[in-house]
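A short write-up of the structure that comes next.
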Amino acid sequence: CIRCICSRNIQTGSLKEMKKENASLYWTVALFLALSTICVTANKLYPKISVVEDVIAREDDMAVEDKLFYGVETTDSDLPAVESNEMVHKEDSEICEIAYRRCNAYTNNKNNKVLPTSPALVQNNQIAIISGKADYRLSFDITPTGTIVDYGNILHFTTDNNCCNFGQRSPAIWFHPGTTRLYVVIGDSTDSNWRLDTDDLPLNVRTKITLECMGKNVKLTVGEKVYTATQPTYRFAGNLVVYASDPWHPAAKAVISNLRYKILPAAEVNEAVTSQRHYMSNLQDEEMNVAEKENMDN
């Protein structure tokens with residue numbers, strides 16, 4: 001009997017220890033599973049948080065840059081309306097919308113660089129400092145009032161000097177001596193004086209001028225006449241001092257107004273967007289064809 005009682009006590013003690021060990025193991029496994037669940041959830045959410053923070057951080061940098069050079073900031077009220085995209089997964093729609101709005105705000109508002117709209121053409125008249133890009137549209141109205149015996153400068157975008165380093169004529173525009181023919185220099189990496197020339201502009205008549213540079217394509221519109229050319233290499237991008245007119249030439253005899261400089265999206269971005277649109281269009285066509293085939297089979 002004594003042996004039985006001792007044996008039972010020993011077994012009871014062992015069972016209690018086993019239960020304690022099992023309970024400890026149970027809670028360890030439960031804690032591990034809970035931590036694993038938290039980590040998986042965080043990994044799913046973190047990329048989205050990272051994208052949004054990166055987009056907003058870049059927008060803040062743009063605002064600082066614009067305030068520094070142009071004194072202009074874009075508020076949320078300036079953001080364009082965003083149409084919902086049903087093909088975007090619901091959980092990603094907010095991130096796509098934020099990125100779309102920030103991108104369009106920068107393209108549509110911040111890239112319209114603010115310049116004096118009607119600067120007086122006076123020699124050594126610095127009117128702005130801008131962050132120029134390789135792809136841009138420069139436009140203004142000009143009314144020639146006379147001619148001079150030298151090259152009469154109208155506008156000059158330069159890094160630091162007249163000529164002939166990369167970026168020093170990006171662009172620069174003159175009248176040819178004794179005429180009202182435009183001398184439009186759009187320097188590139190191999191030729192700082194790569195240019196287009198035009199016919200004479202009528203005296204005392206306002207003419208609309210638009211210079212558009214996109215990729216290697218250059219288009220100069222003078223009134224209703226269009227001049228086009230293919231530029232051999234790439235153009236300068238960076239800080240530019242803007243003169244109307246510059247310190248190195250006499251000012252042209254003319255009045256300008258509606259001066260505007262707008263950065264254009266890079267040609268590669270346009271190609272990518274166009275390609276994506278074709279892809280989405282083809283995908284929708286395929287889905288419609290499949291749906292029509294299923295209806296016919298039914």
Side-chain angles (χ1 to χ4, degrees), residues 70 112-130 132-133 135-164 167-188 191-214 217-231 235-236 240-264:
Y70 321 107
N112 298 325
K113 299 310 180 185
V114 177
L115 298 174
T117 57
S118 303
L121 298 187
V122 180
Q123 189 173 17
N124 196 20
N125 180 21
Q126 179 180 321
I127 60 173
I129 298 175
I130 69 167
K133 301 297 181 183
D135 295 336
Y136 60 87
R137 181 186 297 117
L138 174 65
S139 60
F140 58 93
D141 297 336
I142 186 167
T143 305
T145 58
T147 61
I148 60 175
V149 296
D150 201 348
Y151 283 93
N153 185 247
I154 302 167
L155 293 168
H156 195 151
F157 293 66
T158 178
T159 52
D160 57 0
N161 216 320
N162 174 34
C163 184
C164 290
Q168 291 182 336
R169 293 184 172 183
S170 297
I173 303 174
W174 293 265
F175 281 142
H176 278 277
T179 73
T180 57
R181 292 170 50 229
L182 290 177
Y183 181 89
V184 182
V185 178
I186 312 153
D188 59 34
D191 184 359
S192 61
N193 269 320
W194 191 87
R195 73 178 194 272
L196 295 173
D197 296 297
T198 74
D199 296 334
D200 281 287
L201 275 61
L203 282 172
N204 302 312
V205 175
R206 179 164 32 177
T207 302
K208 177 73 173 180
I209 309 295
T210 303
L211 173 63
E212 185 170 290
C213 301
M214 173 69 77
N217 299 318
V218 175
K219 181 171 73 172
L220 176 63
T221 305
V222 181
E224 296 182 355
K225 191 162 187 177
V226 178
Y227 303 83
T228 60
T230 301
Q231 194 149 23
R235 291 176 295 277
F236 177 82
L240 293 168
V241 181
V242 184
Y243 291 99
S245 63
D246 67 31
W248 307 286
H249 305 85
K253 288 188 176 181
V255 176
I256 65 173
S257 58
N258 298 319
L259 177 61
R260 190 181 184 197
Y261 179 91
K262 180 179 180 180
I263 294 173
L264 302 176

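Counting from 1, the numbers follow the sequence of the chain as shown.
- Considering Y243, Y136, Y261 as possible partners of F157, the one that fulfils the side-chain contact (heavy atoms from CB on, under 4.5 Å) test is Y261.
- With hydrogens and angles disregarded, a donor-acceptor distance shorter than 3.5 Å links the side chain of N153 to the backbone of I173.
- E212 places no side-chain N or O within 3.5 Å of a backbone atom of L138 that could act as its donor or acceptor partner.
- Proximity of the aromatic rings of Y183 and Y151 is defined here by a centroid distance below 6.0 angstrom, and this criterion is met.
- At least one side-chain heavy atom of I154 sits under 4.5 Å from a side-chain heavy atom of I256.
- Taking all atoms of both residues into account, the shortest heavy-atom contact from L155 to A244 is CD2-CB, 3.7 Å.
- Using a 4.5 Å heavy-atom cutoff, the side chains of C163 and R169 are in contact.
- Shown here for R206 and D141, the closest heavy-atom pair between the two residues is CD-CB, 3.4 Å.
- Atom CD1 of residue I127 and atom CG of residue L259 lie 5.5 Å apart, to the nearest 0.5 angstrom.
- Nearest heavy atom pair, residue A120 against residue N125, reads O-ND2, 2.9 Å.
- Side chains of Q123 and D246: no donor on one and acceptor on the other come within 3.5 Å.
- Side-chain N or O atoms of H176 include none that pairs as donor or acceptor with a backbone N or O of G152 at under 3.5 Å.
- You'll find the side chain of T210 stays beyond 4.5 Å of the side chain of V222, heavy atoms only.
- Nearest approach of D200 to T180, heavy atoms of both residues: OD1-N, 3.0 Å.
- Side-chain contact check for V184 versus Y227: every heavy-atom pair is 4.5 Å or farther apart.
- Under the 3.5 Å distance criterion, the side-chain polar atoms of T143 are left unmatched by any main-chain donor or acceptor of N204.
- The two residues K219 and T228 come nearest to each other via the heavy atoms CG-CG2, 4.0 Å.
- Atom OG in S170 sits 8.0 Å away from atom NE2 in H156 (nearest 0.5 Å).
- Between T158 and L240 there is no side-chain heavy-atom pair separated by less than 4.5 Å.
- The backbone N or O of S257 lies less than 3.5 Å from no partner atom in the side chain of S118, so there is not a single donor-acceptor pair.
- Across all non-hydrogen atoms, the minimal contact from W174 to N162 is CZ2-OD1, 4.4 Å.
- Between P202 and P144, the closest side-chain pair of non-hydrogen atoms is not below 4.5 Å.
- Taken to the nearest 0.5 Å, the CE atom of M214 stands 9.0 Å off from the CZ atom of R235.
- Here the side chains of W194 and Q231 are in contact, with some heavy-atom distance below 4.5 Å.
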task: For F175 and L182, run side-chain contact (heavy atoms from CB on, under 4.5 Å): C-alpha distance rounded to whole Å, both residues' side-chain angles, the deciding distance at 0.1 Å, then the answer.
output: CA-CA 5 Å; F175 281 142; L182 290 177; 3.5 Å; yes
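- Going from atom NZ of K253 over to atom OG1 of T145 covers 7.0 Å, rounded to the nearest 0.5 Å.
- Going from atom OG of S192 over to atom CD1 of I186 covers 12.5 Å, rounded to the nearest 0.5 Å.
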- request: Begin with the C-alpha distance, continue with both residues' side-chain angles, and end with the deciding distance and a verdict on side-chain contact (heavy atoms from CB on, under 4.5 Å) for V218 and T230.
  value: CA-CA 6 Å; V218 175; T230 301; over 6 Å; no
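- The CG atom of N258 sits 8.0 Å away from the OG atom of S139 when rounded to the nearest 0.5 Å.
- By the 4.5 Å heavy-atom criterion applied to side chains, L220 and V226 are not counted as neighbours.
- Taking 4.0 Å as the cut-off between side-chain N and carboxylate O, D199 and K225 count as a salt-bridged pair.
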